[in-house]
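The block underneath contains the structure these notes are about, expressed in structure tokens.
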Amino acid sequence: MSDIYDLVKRYPWLPSLKTSYSDIASKNPLDFINEIFTSDKSNDIKRRVLTIFNDAFSNIEQLSEYELDENNIYVYLILKIILYIINNKILSNRIANIYSKTTYNELNKENEYNLYYIYQDLNLEVLYDEQPTIYKKFVVKDQQEIFKTNFKISYLNYLKLASNLKDEYRKLVNNAVRQGYVYIKPENINRLLQEHVRMKFLTQNNEISTELDKFKEKLFEIQEFKALYDTITAIWESKKEEFEYTIDITFKEGKDISETFPPCIKEILSKAQEGQNLIHTERLFILWFLNSLKYPEDKIINVFSTLPDFNREQTAYQVKYAMKKGYTPYSCKSLKSYSLCFAKEYKDVLCLEGYFSRLQEVQKDISHPLKYIEVKQYRDSKKLKKTKNQTLDKK
Amino acid sequence: MMSFEYLKRRFKEYYKDNREKIPLVNLFNQREFGFIPWDQQIRMIRHMGFANRENLIQHLINNGPRHVYSSGSLYINPENQDMKKKGYQGCDLIVDIDVDHFYTPCKEDHDIWYCKECGKNGKGMVEKCPKCGKLKLKKLTWICEECLDVAKKEIIKLIYNFLIPDFNIDIEKIKIAFSGHRGYHLKIEDNNLRALSSDERREIIDYITGEGISFEILGLRKMGNNIFGFSTETIGWSQKINRKIEEILKMSSIEIETLLSDKRKFNLNQNFIENFLNYKNNFLNIIKSNNLNNWTLVSSTLNTWYNFLEPIVDQIGIEVDVPVSIDIHRLIRYPGSLHGKTGFKVQELNPNDLDDYNPLDEQVEKLDPIVFVSKVQTIQKLEIIESNVPATKIKGESFGPYKLGDTIEVPHHIAVFLLCKGVAKSV
């Protein structure tokens, strides 16, 4: 079993950083940077920070190096400071994704004792039972697949960690809940921690820009730090076009129909633009949706190009497969069940109130995102016709 | 208008006579209060706070409001008009079960609708006019022991099938109230639950309603020509589903056939029902066994099983008014206050009171929500102002049905009820 000092070296986002390494954690950021960049650790830390940024810009899913020594703590803290002052959502998302994925893989290598202490350190109500509990069993003919675990997590902690993920595997209703606990394998808790770590890098920077500028100015007085910052921003400048790809949604040449998209689609596209990680259901939905509108393959692939784990070859294969199968995008009912409906957040009148069908003479609900587009386009065409008629009348 | 003045006077009297009996909700002075007065135009006056119970009671005596609400949320400044400045501190978990939201057979007898577009009218629970398809319906919804009993059973299911066994909720922290009209509220006063976000509350509600359930994730799969279902040795929803199937399989064949062909419930085709009945005994053995789960029926597909399992989920899940539980700024009826649509009291209950509880004919005096029963037999004369008014059975006695223009003489509590319902006026 590792002691808490070792665990914090491996996972510097653990709350025990504050107590176990109080000399580091209690320093103000300026003093901290000053000390690090004037110490003999400086070169190694700079190299590691730079490697992480390079990895994040290279569309790989795992950090190429992750050393579990004390410098790992410094690297983590410096990453957070740099992201804070760069204040760029796309960049923060890329670092957050790659770092948290690496964390997940590292956690999965830990033994159960260490995991238990990590969970305790995070103040999670996770219990370890000596005897494993069978919580799910698949029996197919003579074969049995038995899911058992020694771990259970309080459903309140589970919800805190999982409610952001919104995929159907992590929905409480599809999990084993009993007596206030969710029976869960440690790798699934680790997946939740991956999200917890990811969010650590995405703290909103609410500081007013003058304050931020002052802070930056002071930091830049430390030449070594300024040099590292400049190198990172220079790489970003050269790469950003690849990532800041704006989604050019044109349906039929020269005609932009993105304005007719329903809020559910707009929300996913905006997340993709910011480089946020899309969950599986969001990816499927956007793919099936654009495919239903007969978007060209390359345009669909480009939508995914901003995602942290983008791999053009794999995406192309999946897009081709979906195009061949011709799946229909989710209905509004399914989207609601996946919590992917944003009608209320966007206060979208058509989604919320529906439309009047002249043919059937009834008020109807929008039950499918494609119906939404159809109605919008119909209304737009009516508006256009009306404007044309008015122009003709004037003539 | 005359009726409003009368009802307002009666409500004021109630609050005056019962000032000691109006309960004090937990963390009273951190709650926001809201009121709907007796105006023609319905409007809510909210963002009010009271330092103590006495101030609230005085407000009720002075104004005799039609409806009284308090927040499930706790605020530092509950009276602040700006939600952002109220200083949100958390919100009780609230579940509202109201028969308005689900079908009960008795609605075919007592819920009346009228289409404003084509003039068609009828009885039962309809979303749109069955003749012209329009949504402009005027509805007169009523209550009876049967539908209130369905709502009560949902609350009992919620507590004993979900809140206690799955979420380990301390029964002492569960507060229940008969809403004074068509349902029940359940509130959990627990600091850990108060911290839940709306998204987290939705997850709990999805769990208790069965929303977003994936039969594949729970284990339903097709291998070759075989369909494999859930193993009994599981935890969570798959186990609940297996138990429900077992319960159905233990019914007589006639009962099963009636249930599975019921259009409002399973609505399954005859072919499936026949196969299901032929397979009944085998299936019962499989469902009870830990190591068997071959659910293959003749010509059954995964879709056939979805059609069977979805209504099972509906039967297990609880019919709740979802937005009430998710919205952390929602106001709910204050216990002990009067419901302006019935004149009944919002009656607080303990979970143990539920089994025998009958709001329309309650034998335990302190739990009786019908507060306008005169000690001396008094009769009040009213004129019916609605085309059709369903029969009302309260305290074991039936009144009505009535037609427009009928002049009736009814006991005081029935008069208050009909006036609150807006179907009669004083003569």
Side-chain angles (χ1 to χ4, degrees), chain A residues 125 133-149 152 154-184 281 333-339 344 353-354 356-357 359-365, chain B residues 117 128-129 132-136 162 164-169 190 192-193 195-221 223-224 226 228-239 286 289-294 313 317 323:
Chain A
E125 196 186 331
T133 303
I134 296 176
Y135 63 95
K136 192 154 76 171
K137 191 161 148 185
F138 293 160
V139 187
V140 176
K141 290 180 182 166
D142 300 329
Q143 290 181 332
Q144 291 193 350
E145 192 182 349
I146 295 171
F147 295 77
K148 53 184 176 181
T149 181
K152 57 186 178 189
S154 138
Y155 76 96
L156 291 166
N157 288 154
Y158 180 88
L159 289 177
K160 281 264 170 292
L161 293 167
S163 65
N164 253 347
L165 288 166
K166 291 181 181 168
D167 74 58
E168 59 176 351
Y169 281 90
R170 266 164 276 277
K171 271 194 85 64
L172 200 59
V173 71
N174 293 320
N175 278 277
V177 184
R178 187 166 72 190
Q179 286 291 308
Y181 290 95
V182 180
Y183 288 76
I184 184 169
T281 38
K333 192 181 167 198
S334 304
L335 288 165
K336 278 178 194 151
S337 74
Y338 293 138
S339 302
K344 281 185 189 156
E353 293 178 7
F356 184 76
S357 162
L359 202 64
Q360 296 172 28
E361 292 204 323
V362 282
Q363 185 71 17
K364 297 191 86 173
D365 289 338
Chain B
E117 283 290 332
K128 57 185 179 185
C129 174
C132 71
K134 299 221 167 136
L135 294 165
K136 287 183 181 169
F162 289 93
I164 294 176
D166 293 350
F167 294 102
N168 203 26
I169 303 289
D190 178 289
N192 290 323
L193 290 169
L196 290 170
S197 69
S198 280
D199 279 350
E200 291 157 11
R201 285 164 202 261
R202 175 177 279 280
E203 278 294 305
I204 293 178
I205 295 305
D206 283 353
Y207 185 90
I208 64 176
T209 56
E211 180 69 37
I213 200 163
S214 162
F215 299 126
E216 291 84 354
I217 292 175
L218 298 186
L220 184 74
R221 54 198 55 199
M223 299 283 281
N226 292 315
F228 292 94
F230 313 133
S231 159
T232 300
E233 204 176 354
T234 53
I235 296 174
W237 261 89
S238 46
Q239 192 182 53
I286 289 168
S289 156
N290 281 340
N291 297 316
L292 300 171
N293 66 339
N294 192 333
V313 170

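Quick note on labels: first sequence line is chain A, next is B, and so on, each numbered from 1.
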If I measure from the heavy atoms of chain B, does A:Leu156 come under 4.5 Å with its side chain, its backbone, both, or neither?
side chain

Option from B:Asn168, B:Asp166, B:Ile204 for which side-chain contact (heavy atoms from CB on, under 4.5 Å) with A:Val177 holds
B:Asp166

Is A:Tyr155 in contact with chain B via its backbone, its side chain, both, or neither, using a 4.5 Å heavy-atom distance?
side chain

Interchain contact, B:Leu218 with chain A, by part (heavy-atom threshold 4.5 Å)
both

If we only count heavy atoms from C-beta on, is the B:Ile235 to A:Gln179 side-chain gap below 4.5 Å?
no

Which portion of A:Tyr169 sits near chain B, non-hydrogen atoms under 4.5 angstrom:
both

Quick check on the interface: out of B:Glu211, B:Glu233, B:Gln239, B:Lys136, who has the most heavy-atom pairs with chain A under 4.5 Å?
B:Glu233

Region of A:Thr133 in contact with chain B, defined by heavy-atom distances below 4.5 Å
side chain

Side chain of A:Asn175, backbone of B:Gly236: donor and acceptor closer than 3.5 Å?
no

So for B:Ile169, is it side chain, backbone, both, or neither that comes closer than 4.5 Å to the heavy atoms of chain A?
side chain

If I take atom CG from residue A:Leu172 and atom CD from residue B:Glu200, how far apart are they, to the nearest 0.5 angstrom?
11.0 Å

For the rings on B:Phe228 and A:Phe138, is their centre-to-centre separation under 6.0 Å?
no

Counting only non-hydrogen atoms closer than 4.5 Å, does B:Ser238 touch chain A with its backbone (N, CA, C, O), its side chain (CB onward), both, or neither?
neither

Is a side-chain donor or acceptor of A:Lys136 paired with a backbone partner of B:Ile217 at a separation under 3.5 angstrom?
yes

For A:Lys160, is the NZ atom crowded, meaning more than 12 foreign heavy atoms sit under 6.0 Å from it?
yes

Do the non-hydrogen side-chain atoms of B:Tyr207 and A:Leu159 ever get within less than 4.5 Å of each other?
no

Where do A:Ser337 and B:Gly212 come nearest, in terms of heavy atoms and distance?
CB-CA, 4.2 Å

Taking all atoms of both residues into account, what is the closest heavy-atom pair of A:Lys137 and B:Ser231, and its distance?
O-CB, 3.3 Å

Do B:Lys134 and A:Gln363 have side chains that get closer than 4.5 Å, going by heavy atoms?
no

